[in-house]
Amino acid sequence: MQSFELTAPTSVDDAVAGAGTYLAGGTTLVDLMKLDVLTPRHVQDINALPLRGIDTADGLRLGALERMSDVARHPGVYPVISRALLQSASQQLRNMASIGGNLMQRSRCSYFRDVTTACNRRDPGSGCPARSGANRMHAVLGTSEACVATHPSDVAVALVALDAQITLASAAATRTVPLRDFYRLPGDTPHVENDLRPGELITEIVVPRLDWAVNSTYVKVRDRQSYEFALCSAAVALDVRDAHVVDARVAVGGVATVPWRLTAVEAALRGAPVTEDAFQDAAALAADGAEPLSANGFKVPLLRRTVVRALCELTQDEPTGSRG
């Protein structure tokens, strides 16, 4: 780890007025600083900022410094968000990590985290060895020649499914951005991972009111049940009436370079009967456009099965039928 200056602003205005890298829980930043993947000269500890609070009066509002564990156990938080958080990390990490920091966590690609290898995210123009190398954990959706790394956040998938927005503050202005639009596909510039502008700070996450999102879940498939990143995950919310789907929200993780909203699957579900057959028909659209690599082709059928599993879990008390 290289030397750096540490300051601790006590107001948002002071934080955004000063240059530097923001430190909240530090569960990603400190790791990457130890590896020399990130080498900030100035770090701002923002834990004293008034960016806390969980308000469920009309939808959901989360202060960016709320800890993952506190959000996960709050009774007014939609189940899909709570379950995504509880499956995100160990209890110790959830007690430290902030919601805003979780949304900003960096790639877990082994090439990105190894400064002795090439990586376009870390060193633009150096190449993407994952395309022909060890790529079992990598993305099949939203990839480019320059990058195939998956987005690591679980809760970002749940929030994208629910049309969440984030509030960004800077010395010049405050703006609100849909989380789905905040993340950028790698294209030719994978080092530009999101729409955060220099000096901006995430201050709040807002989820619009969606009463039927109480019927929601998050399914995560991984190599082990303890702390591990997703091979595939699905965030699903369903509005079911008279054994038919009235509306749906579906997003997936572990398979794409950004949290991936499945609008075609949602459209196929609307008006469909609550049967496994109908769920399989809708989930058949989940991997449209997928481009598997040498070692991750299994993610294409896994993606479809994970979506079906999440849908079936949500409707297990409804009448169902299954193909023979």
Side-chain angles (χ1 to χ4, degrees), residues 22-31 45-105 108 151-167 179 202-222 224-230 233-239 249-254 259 306 309-310 313-317:
Y22 299 124
L23 170 72
T27 56
T28 293
L29 176 61
V30 173
D31 282 350
D45 182 340
I46 61 172
N47 283 289
L49 301 188
L51 301 179
R52 300 184 186 274
I54 303 174
D55 184 354
T56 60
D58 186 20
L60 177 64
R61 306 180 79 91
L62 302 171
L65 285 177
E66 281 295 331
R67 303 303 170 181
M68 291 170 59
S69 56
D70 292 331
V71 176
R73 65 172 177 253
H74 192 283
V77 170
Y78 296 118
V80 64
I81 296 174
S82 178
R83 292 172 186 175
L85 289 168
L86 290 172
Q87 296 179 66
S88 290
S90 67
Q91 180 66 55
Q92 293 90 337
L93 286 173
R94 294 197 301 270
N95 288 341
M96 294 175 60
S98 68
I99 288 291
N102 183 280
L103 299 182
M104 290 295 296
Q105 66 181 296
R108 297 290 167 164
H151 192 274
S153 174
D154 288 296
V155 74
V157 178
L159 291 171
V160 164
L162 298 180
D163 293 318
Q165 299 179 324
I166 55 174
T167 303
L179 186 61
I202 299 175
T203 60
E204 187 178 51
I205 298 94
V206 180
V207 181
R209 180 172 177 174
L210 191 66
D211 291 339
W212 51 267
V214 296
N215 186 40
S216 62
T217 195
Y218 186 78
V219 171
K220 182 176 182 178
V221 180
R222 45 192 167 173
R224 59 183 184 185
Q225 282 300 104
S226 60
Y227 178 28
E228 182 61 281
F229 291 91
S233 64
V236 174
L238 286 183
D239 183 5
R249 299 286 187 275
V250 184
V252 292
T306 303
R309 175 180 161 190
E313 284 189 8
L314 273 185
T315 57
Q316 60 184 351
D317 294 329

Which heavy atom of [X] sits nearest a heavy atom of [Y], and at what distance?
| X | Y | result |
| --- | --- | --- |
| V77 | V71 | CG2-O, 3.3 Å |
| A158 | A235 | CA-CB, 3.7 Å |
| P259 | A156 | CG-CB, 3.8 Å |
| A164 | V207 | CB-CG2, 4.0 Å |
| S82 | A72 | OG-O, 2.5 Å |
| G59 | Y78 | CA-OH, 4.0 Å |

Between [Y] and [X], is there a side-chain heavy-atom distance shorter than 4.5 Å?
| X | Y | answer |
| --- | --- | --- |
| R94 | L86 | yes |
| V155 | Q87 | no |
| V80 | T217 | no |
| V252 | T306 | no |
| V30 | L23 | yes |
| Q91 | N95 | yes |
| D163 | R249 | yes |
| L159 | L103 | yes |

Atom pair [atom1] ([X]) and [atom2] ([Y]), whose distance is rounded to the nearest 0.5 Å:
| X | Y | atom1 | atom2 | answer |
| --- | --- | --- | --- | --- |
| F229 | K220 | CZ | NZ | 7.0 Å |
| T28 | L93 | OG1 | CG | 9.0 Å |
| E66 | N102 | CD | CG | 13.5 Å |
| D31 | Q105 | CG | CD | 10.5 Å |
| S98 | I46 | OG | CD1 | 6.5 Å |
| R67 | N47 | CZ | CG | 4.5 Å |

Exercise for review: State whether the number of non-hydrogen atoms from other residues, nucleotides or ligands found under 6.0 Å of R222 atom CZ is greater than 12.
Suggested key: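 More than 12 heavy atoms, drawn from other residues, nucleotides or ligands, come within 6.0 Å of this atom.
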Check your understanding: Has the side chain of S88 got a donor or acceptor atom that lies under 3.5 Å from a matching backbone atom of D154?
Key -> no
Check your understanding: So, the side chain of R61 versus the backbone of V206: is there a donor-acceptor pair under 3.5 Å, distance only?
Key -> no
Review point. Which of these, L65, I202, L85, sits in a side chain to side chain contact (heavy atoms under 4.5 Å, CB included) with I99?
Key: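 By the side chain to side chain contact (heavy atoms under 4.5 Å, CB included) criterion, I99 pairs with just one of L65, I202, L85: L85.
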Check your understanding: What do the steps show when you test T167 against Q165 for side-chain contact (heavy atoms from CB on, under 4.5 Å), and what is the final call?
Key -> CA-CA 7 Å; T167 303; Q165 299 179 324; over 6 Å; no
**Study point:** Residue pair V221, R309: steps toward the side-chain contact (heavy atoms from CB on, under 4.5 Å) verdict
**Key:** CA-CA 10 Å; V221 180; R309 175 180 161 190; 4.0 Å; yes
